Amino acid sequence: PAPSYSVAPGQHIIVPCRFDPSASWPPAQISWRKLTANEKFDFLFPTESRIFSQLNGTMVIVHSQAEDSGTYRCGAKNVKITTISESDKTKLTVESSSDQPREWPADIYVPQARIAVVERRTAVVECIPYGK
């Protein structure tokens with residue numbers, strides 16, 4: 001079974017990558033990806049400042065939030081090999097707590113900020129809510 005981790009909101013979590021970066025030459029670079037709603041893995045770094053990867057490939061999430069819950073996968077790649085070797089999926093659950101104070105305001109992310117619309121026509125804009 002895939003490894004899984006569970007933490008309370010606000011706690012830090014450390015998730016090791018099951019690859020040893022020093023096992024390849026030159027040493028591999030480790031990157032982490034998270035499974036999105038459309039069933040694709042998107043790279044995490046450097047878009048999220050609370051989540052980072054240590055030199056040994058371990059992922060650290062500080063002040064975990066509900067939206068950190070999900071399925072993650074780490075990958076190893078070095079300059080000589082162009083394909084990424086991926087680990088098994090790792091599941092992370094940040095337990096919900098209705099009495100937690102709201103720390104981050106809700107916001108909406110619009111993936112495509114510029115769109116063109118013909119005058120007097122309907123426009124549909126994809127948006128992704130986040131925050132609490």
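Model, not experiment: these values are computed from the prediction. Side-chain atoms are counted along with the backbone in the values below, which use heavy atoms only and exclude waters and symmetry mates.
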- Query: So, Thr90 side chain and Pro3 main chain: donor-acceptor pair closer than 3.5 Å or not?
  - Reply: no
| message | Please check: side-chain N/O of Trp32 versus main-chain N/O of Val60, any donor-acceptor pairing under 3.5 Å? | response | no
Taken to the nearest 0.5 Å, the spacing of Arg73 CZ from Met59 CE works out to 13.0 Å
- Task: Indicate yes or no: at least one non-hydrogen side-chain atom of Gln29 is less than 4.5 angstrom from one of Lys77.
- Result: no
| query | Is there side-chain contact between Lys80 and Pro26, with at least one heavy-atom pair below 4.5 Å? | reply | yes
Sorted by chain and residue number, the side chain to side chain donor-acceptor pair (under 3.5 Å) partners of Thr93 (sequence neighbours excluded) come out as none
Q) Can you check whether Leu92 reaches Tyr72 side chain to side chain, under 4.5 Å on heavy atoms? A) yes
OG (Ser6) and CD1 (Ile13) are apart, to the nearest 0.5 Å, by 8.0 Å
inquiry  = Strictly distance-based, threshold 3.5 Å: is any side-chain N or O of Ser64 a donor or acceptor partner for the main-chain N or O of Gln11?
reply    = yes
Sorted by chain and residue number, the side chain to side chain donor-acceptor pair (under 3.5 Å) partners of Thr58 (sequence neighbours excluded) come out as Asn56
Heavy-atom nearest pair, Cys17 first then Ile30, reads SG-CG2, 3.8 Å
Checking Ile51, Val94, Val7, Val15 against Ile61 for side chain to side chain contact (heavy atoms under 4.5 Å, CB included), the one that qualifies is Ile51
| Below 4.0 angstrom, N of the basic side chain to O of the carboxylate: do Asp68 and Arg50 qualify? | yes
